[in-house]
Amino acid sequence: MTARIIDGKALAHSLRTQYRERVAQLKTQGVAPGLAVILVGDNPASKVYVGNKVKACEECGVASFHHSLPAEAGEADVLALIARLNADPTVHGILVQLPLPPHIDVRRVLEAIAVDKDVDGFHLYNVGGLVVGNTIFPPCTPYGVQLLLETTGIDVAGKNAVIVGASNIVGKPMALMLLQKEATVTICHAKTRDLAQHTILADILIAAAGKPGLIVPQMVKQGAIVIDVGINRLPDNRIVGDVDFDGVKEKASWITPVPGGVGPMTVTMLIENTLKSAELRLGTGQGIGHQGWDSVTLP
Ligand code: GUN
């Protein structure tokens, strides 16, 4: 069996087309949605990601306010900028690109963002919302994965979902979202012994470890859905995921490619959250939301 491709690029394109209409609707009501992006320092990968976010804003008609601070900027400078953006009514979303330089306390910075502008979903308030199944802004990468899974038409309730990678940005929130949808969730990480023993049981396997070629066919159950969150640049400059795509596609039932899978969805969900923020401000919240995902309250 050769897996069917879950086409993130196509889904992202279709959503962004819908977002242009939502932006137009907001503008007729006097609201021009705006996203502020803060980049501290000159990490080349971060520059590319921020560039993609600004481009996506342009594509959807969302105003973007790009703030670049030098690597030597102090924590107080970042906090002062966030305070200004929190108070700015033209800004509906604030994103601080991670990682921050080591002299800046990332938690203090994330906690300074107004919770109703926290479109990355990294503030403790939004993380807590995720824990109880009632988040306003789901973190963008797992949110994008949710929508990609929905396109397969397969109900995740009761399925074994195995996530490889326990980061705050992807692995942990992904686990909470899948648990909310009643999957049986396992999180594997760098200290997990015999990774394959866990992954082989996965009906849904999500690779988010940042290690090229980590997931090989022998680790994958026949017919599994495989989602590759990895974005790794090889020495020859090729971009690959964490999954041996050519091998694993012969065992999986569905698989995301890299590039063209999760990546375009991450940026798209940032626009979704920004529009949701603007609509909530107006009292007309109508996001595609996370239908179904928030509807189940586990005891
Ligand atoms: N760095 C890597 N991924 C992300 C993300 O989703 N949001 C932010 N702010 N920084 C990141």
Side-chain angles (χ1 to χ4, degrees), residues 19 22-43 46-47 49-101 103-130 134-140 143 168-169 173 266-287 289:
Y19 294 162
R22 270 167 72 186
V23 170
Q25 212 173 29
L26 277 162
K27 285 183 177 168
T28 63
Q29 294 168 282
V31 174
L35 173 69
V37 181
I38 301 173
L39 175 64
V40 186
D42 42 24
N43 178 316
S46 291
K47 276 187 173 171
Y49 293 140
V50 164
N52 288 341
K53 289 166 186 178
V54 169
K55 234 188 297 174
C57 284
E58 280 165 16
E59 191 184 328
C60 299
V62 170
S64 64
F65 311 104
H66 183 180
H67 298 270
S68 266
L69 301 182
E72 321 72 74
E75 190 176 296
D77 299 319
V78 181
L79 294 176
L81 175 56
I82 291 173
R84 201 148 54 73
L85 297 171
N86 282 344
D88 183 342
T90 66
V91 171
H92 300 89
I94 301 170
L95 177 145
V96 178
Q97 186 64 31
L98 303 179
L100 285 169
H103 64 278
I104 297 179
D105 182 333
V106 62
R107 285 282 17 135
R108 213 174 292 150
V109 166
L110 295 178
E111 272 24 296
I113 297 171
V115 292
D116 59 346
K117 296 188 179 187
D118 176 36
V119 288
D120 245 341
F122 293 164
H123 189 287
L124 284 181
Y125 180 90
N126 280 311
V127 175
L130 207 56
N134 190 24
T135 185
I136 299 173
F137 300 120
C140 299
Y143 194 6
N168 289 334
I169 293 179
T266 295
V267 183
T268 302
M269 301 333 287
L270 179 65
I271 306 295
E272 166 70 37
N273 280 346
T274 303
L275 296 187
K276 186 171 187 187
S277 172
E279 288 160 354
L280 285 170
R281 184 105 54 91
L282 260 184
T284 62
Q286 55 148 303

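- Proximity of a side-chain donor or acceptor of K276 to a complementary backbone N or O of I136 within less than 3.5 Å is detected.
- Closest approach of P101 and A71 over heavy atoms only: CG-O, 3.9 Å.
- Taking 4.5 Å as the limit, some side-chain heavy atom of K53 sits within range of a side-chain heavy atom of L95.
- Put simply, the side chain of E58 reaches to within 4.5 Å of the side chain of V54, judged on heavy atoms.
- Heavy-atom minimum distance, L110 versus H123: O-CD2, 3.4 Å.
- A donor-acceptor pair under 3.5 Å links the side-chain atoms of D118 to the main chain of F122, judged by distance alone.
- Distance alone, capped at 3.5 Å, places no donor-acceptor pair between the R108 side chain and the L79 backbone.
- A distance-only check finds a donor-acceptor pair linking the side chain of H92 to the backbone of G34 [under 3.5 Å].
- Closest approach of P33 to L26, counting heavy atoms only: CG-CD1, 3.9 Å.
- Under the 4.5 Å side-chain criterion, counting only non-hydrogen atoms from C-beta, C57 is not in contact with V37.
- A heavy-atom distance below 4.5 Å is not found between the side chains of T266 and L270.
- Residues I38 and V109 are not in side-chain contact: their nearest non-hydrogen atoms beyond the backbone lie 4.5 Å or more apart.
- A donor-acceptor pair under 3.5 Å is formed between the side chain of N273 and the backbone N or O of P138.
- Within the 3.5 Å criterion, the main-chain N or O of V40 finds no donor-acceptor partner in the side chain of H67.
- The side-chain contact (heavy atoms from CB on, under 4.5 Å) test with K117 singles out one residue from T274, L35, I94, and that residue is I94.
- Between I271 and E59, the closest side-chain pair of non-hydrogen atoms is not below 4.5 Å.
- The backbone N or O of L124 lies less than 3.5 Å from a partner atom in the side chain of E111, making a donor-acceptor pair.
- In this structure, the separation between CD on Q97 and OH on Y49 is 8.5 Å, given to the nearest 0.5 Å.
- Proximity of a side-chain donor or acceptor of S277 to a complementary backbone N or O of G93 within less than 3.5 Å is not detected.
- Here the side chains of F65 and D88 are not in contact, with every heavy-atom distance at 4.5 Å or above.
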